[in-house]
Amino acid sequence: MSDNNSDDPNKGLRRSSQWYGKDDKDGFAHRSWMKNRGMPADQFDGRPVIGICNTWSEFNPCNAHFRDIAERVKRGVYEAGGVPMEFPVFSNSESQNRPTAMLYRNLASMDVEESIRALPMDGVVLLVGCDKTTPALMMGAASCDIPTIVVSGGAMLNGHYKGELVGSGTHTWKFSEMVKAGEMTLEDFMSAEQDNSRSAGHCMTMGTASTMASFAESIGIALHANAAIPAVDSRRYVLAQMAGRRIVDMVKQDITMSKLLTRESFENAIMVNGAIGGSTNAVVHMLAIAGRMGIDITLDDWDRLGRDVPCLVNLMPSGKYLMEDFFYAGGLPAVIRELGDYIHKDAMTANGNTLWDNCKDTECYNRDVIFPIDKPFKPNGGIAVLRGNLAPGGAIIKPSAASPELMVHRGRAVVFESIEDYHERIDDPDLDIDETCMMVLKYCGPKGYPGFAEVGNMGLPSKVLKKGITDMIRISDARMSGTAYGTVVLHAAPEAAAGGPLAFVQNGDMIDLDVPNRKLHLDITDEELARRRKAWKGFESPYDRGYSKIYVEHVNQADKGADLDFLVGKSGTPLMRESH
Ligand code: FES
């Protein structure tokens with residue numbers, strides 16, 4: 001590497017120089033210990049230091065291939081004249097973490113924020129994959145606002161079982177209900193496990209991981225085509241290497257995260273989420289990231305912007321294909337091209353081009369996977385935000401995953417006071433329930449579960465399934481997996497544990513759901529609601545120590561992104577005192 005600074009006027013003037021650019025005792029300490037790795041002295045001459053924030057973990061199978069990806073990012077960083085430094089952060093695994101990975105999203109975000117702030121990096125590449133890792137790392141980085149690129153790990157290859165295309169999560173729910181209905185043996189159920197997960201990568205449905213990878217691409221923080229390249233495709237490694245090169249340029253040009261994540265780019269991401277039939281979880285994650293950026297995105301923006309966006313993508317859980325097919329069909333750029341004038345075309349992206357310039361010439365190679373805008377896969381792709389006396393702060397539903405005939409329905413509430421109560425009674429032959437009822441689940445929101453679990457898509461009672469019925473209305477303060485489907489009202493705010501009206505619903509109450517008119521109404525008088533509120537015994541969390549205690553005491557409600565109240569708002573990266 002030459003000492004020519006002509007392409008890097010800020011060489012030696014960045015954050016990292018405040019560690020490595022000093023000729024005193026502190027500079028000695030910072031450099032000398034790093035040199036135990038055999039790093040030449042010129043690595044500390046002021047060139048950009050790039051953090052590679054890695055969520056690799058063997059307990060997180062979706063991200064277990066990330067060591068290879070990190071190596072490719074490093075190659076790119078070296079090629080562009082930077083110094084890569086890989087560092088680990090908390091890795092939440094959707095499939096392994098209990099009680100729910102979402103409980104730890106904010107913890108991971110704090111790990112990321114504090115690591116970036118405390119360490120001498122000028123830019124950062126975020127390696128993300130499994131559902132919560134993408135929002136957690138973006139939230140933490142947003143709080144610091146240095147140049148940032150997201151590299152997603154990519155989805156698994158398509159699942160195949162007995163000649164049928166099977167999708168992560170989607171077929172877990174489907175097969176489990178088939179077992180309950182007597183349509184599948186337990187032996188077949190168990191044998192489908194391996195067929196469902198046949199390569200490295202994250203869930204290959206348009207679940208939350210794929211949704212968030214698409215979010216990162218559409219909002220401009222990831223490189224072009226990031227969302228759909230399969231985990232094991234060689235082009236995933238090319239993309240990682242290009243990200244390594246590009247982040248060095250972004251540092252030199254001082255392209256910070258807030259220069260890419262503008263209000264317009266959030267609006268683009270919301271509309272793209274509608275067009276891909278993205279996960280309901282994107283709502284809460286995007287609200288949290290916007291909150292960290294100090295951008296006022298609300299549930300009303302989701303409803304307003306998503307209302308007219310048709311769903312173009314025929315992927316599970318709403319459709320029949322998987323992410324591998326999506327990639328071969330043209331991927332997210334083909335969808336964005338279809339959206340045309342829906343989006344803010346001049347929003348900038350990480351590769352230095354506008355979103356529109358990146359996508360405007362992309363071809364679609366399979367119209368059964370990506371539909372044209374004038375002949376969409378489903379008319380309504382956006383998320384509908386419901387309001388009423390049952391959810392004054394809002395609740396959401398994904399119409400593209402729901403049954404059209406249930407979009408307007410009045411039904412009798414069958415109430416479950418907890419998820420355990422649901423499991424205990426759902427298959428009781430004496431449970432007074434039929435397909436016209438509405439299943440109501442309480443105390444599964446951010447504080448109540450705690451951690452806002454993905455249990456809102458409660459399985460149907462066996463006696464209903466055995467009639468051949470596959471959907472009923474379900475209402476809760478929980479989330480649902482992005483791989484799930486059904487007429488499921490989620491994120492009711494305030495949640496039951498915070499004294500929201502959901503806590504006061506009783507068996508036999510009548511509830512009106514009217515999605516076209518965005519209404520969710522508990523048909524009792526205001527006086528009766530007030531009487532029940534007065535008689536409520538309150539909610540006491542069993543968590544009395546550690547992070548879970550802090551979480552329950554400080555978590556915001558779903559309509560505010562379920563972030564911790566003291567983390568909202570961008571804080572920047574002020575240098576701390578020296579320690580030597
Ligand atoms: Fe990791 Fe689905 S379990 S993305």
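Since the structure is predicted, the reported quantities are computational estimates derived from the model, not experimental observations.
With values rounded to the nearest 0.5 angstrom, I289 atom CD1 is found 10.0 Å from D563 atom CG. Atoms CG and CG, from D111 and N106 in turn, are 12.5 Å apart once rounded to the nearest 0.5 Å.
Between the side chains of Y321 and D368, at least one donor N or O sits under 3.5 Å from an acceptor N or O. Checking E454 against N281 by side-chain atom types alone, a donor-acceptor pair falls below 3.5 Å.
Within the 4.5 Å cutoff, the side chain of T133 has heavy atoms near those of the N92 side chain. You'll find the side chain of N380 stays beyond 4.5 Å of the side chain of K378, heavy atoms only. Residues R105 and H285 are in side-chain contact: their nearest non-hydrogen atoms beyond the backbone lie under 4.5 Å apart. Contact check for M138 versus V150: side-chain heavy atoms found under the 4.5 Å cut-off. Inter-residue side-chain proximity for S400 and S318 is flagged as met; some heavy-atom pair is nearer than 4.5 Å. Within the 4.5 Å cutoff, the side chain of M472 has no heavy atoms near those of the M458 side chain. Contact check for V313 versus F371: no side-chain heavy atoms found under the 4.5 Å cut-off. Looking at L103 and Y547, their side chains come closer than 4.5 Å, going by heavy atoms from C-beta outward.
For the side-chain contact (heavy atoms from CB on, under 4.5 Å) with V283, the lone residue among V385, D559, L299, L490 that qualifies is L299. Under the side-chain contact (heavy atoms from CB on, under 4.5 Å) test applied with S91, the options N54, N63, V128 reduce to a single match, N63.
Between L386 and K519, the shortest heavy-atom contact is CD2-N, 4.1 Å. Shortest non-hydrogen contact noted between R236 and I229 is NH2-O, 2.5 Å. Of all heavy-atom pairs spanning P516 and R307, the tightest one is O-NH1, 4.2 Å. Here the shortest heavy-atom pairing between N226 and E217 reads N-OE1, 3.0 Å. Here the closest non-hydrogen pair linking G456 and A478 is N-CB, 3.7 Å. When all heavy atoms are compared, the tightest approach of T100 to G451 is CG2-O, 3.6 Å.
Partners of F59 according to the side-chain contact (heavy atoms from CB on, under 4.5 Å) rule, which considers only residues two or more places apart in sequence or in another chain, are S57. By the side-chain hydrogen bond (donor to acceptor under 3.5 Å, both in side chains) test, D427 pairs with S462, sequence neighbours left out. Evaluation of the side-chain hydrogen bond (donor to acceptor under 3.5 Å, both in side chains) rule for N366 yields no partner, not counting sequence neighbours. Every residue two or more places apart in sequence or in another chain that forms a salt bridge (charged side-chain N to carboxylate O under 4.0 Å, His left out) with D512 is listed here: R410. By the side-chain hydrogen bond (donor to acceptor under 3.5 Å, both in side chains) test, D434 pairs with T436, sequence neighbours left out.
For E187, the CD atom is loosely surrounded, since the number of other residues' heavy atoms within 6.0 Å does not exceed 12. Other residues, nucleotides and ligands place no more than 12 heavy atoms under 6.0 Å from the CD atom of Q194. K560 NZ: 12 or fewer foreign heavy atoms inside a 6.0 Å radius. More than 12 non-hydrogen atoms from other residues, nucleotides or ligands lie less than 6.0 angstrom from NZ of K467.
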Audit row: H202, E94, side-chain contact (heavy atoms from CB on, under 4.5 Å) steps and yes/no = CA-CA 10 Å; H202 59 66; E94 204 60 37; over 6 Å; no

query = Would M156 and S197 satisfy side-chain contact (heavy atoms from CB on, under 4.5 Å), going step by step from the backbone distance to the final call?
reply = CA-CA 7 Å; M156 290 187 272; S197 304; 3.8 Å; yes

Pair R474-L460, side-chain contact (heavy atoms from CB on, under 4.5 Å): steps then yes or no = CA-CA 9 Å; R474 289 151 273 180; L460 271 49; 3.5 Å; yes

request  = Give the intermediate values and the outcome of side-chain contact (heavy atoms from CB on, under 4.5 Å) for residues Y422 and M439.
outcome  = CA-CA 9 Å; Y422 158 80; M439 296 163 65; 3.8 Å; yes

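Under a 3.5 Å cut-off, the side chain of N97 and the backbone N or O of S93 do form a donor-acceptor pair. A side-chain donor-acceptor contact under 3.5 Å links T205 to the backbone of S168. With hydrogens and angles disregarded, no donor-acceptor distance shorter than 3.5 Å links the side chain of N60 to the backbone of Q96.
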Compile the donor-acceptor pairs under 3.5 Å between side chains in residues 496-510 and protein atoms, sequence neighbours left out, one pair per line.
residue, atom, partner, partner atom, Å
N507, OD1, V415, N, 2.7
D509, OD1, R532, NH2, 3.1
D509, OD2, Q506, N, 2.8
D509, OD2, R532, NH1, 2.7

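Using the six-membered ring where Trp is involved, F266 and F215 have ring planes that are tilted, between 30° and 60° apart.
Aromatic rings from Y161 and F175 are positioned such that their centres are separated by under 6.0 Å. Checked against a 6.0 Å centroid threshold, the rings of H491 and F452 count as neighbours.
Classification of D300 and R387 as a salt-bridged pair holds, one side-chain N sitting under 4.0 Å from a carboxylate O. The residues K442 and D421 are annotated as not salt-bridged, no charged nitrogen and carboxylate oxygen being separated by less than 4.0 angstrom.
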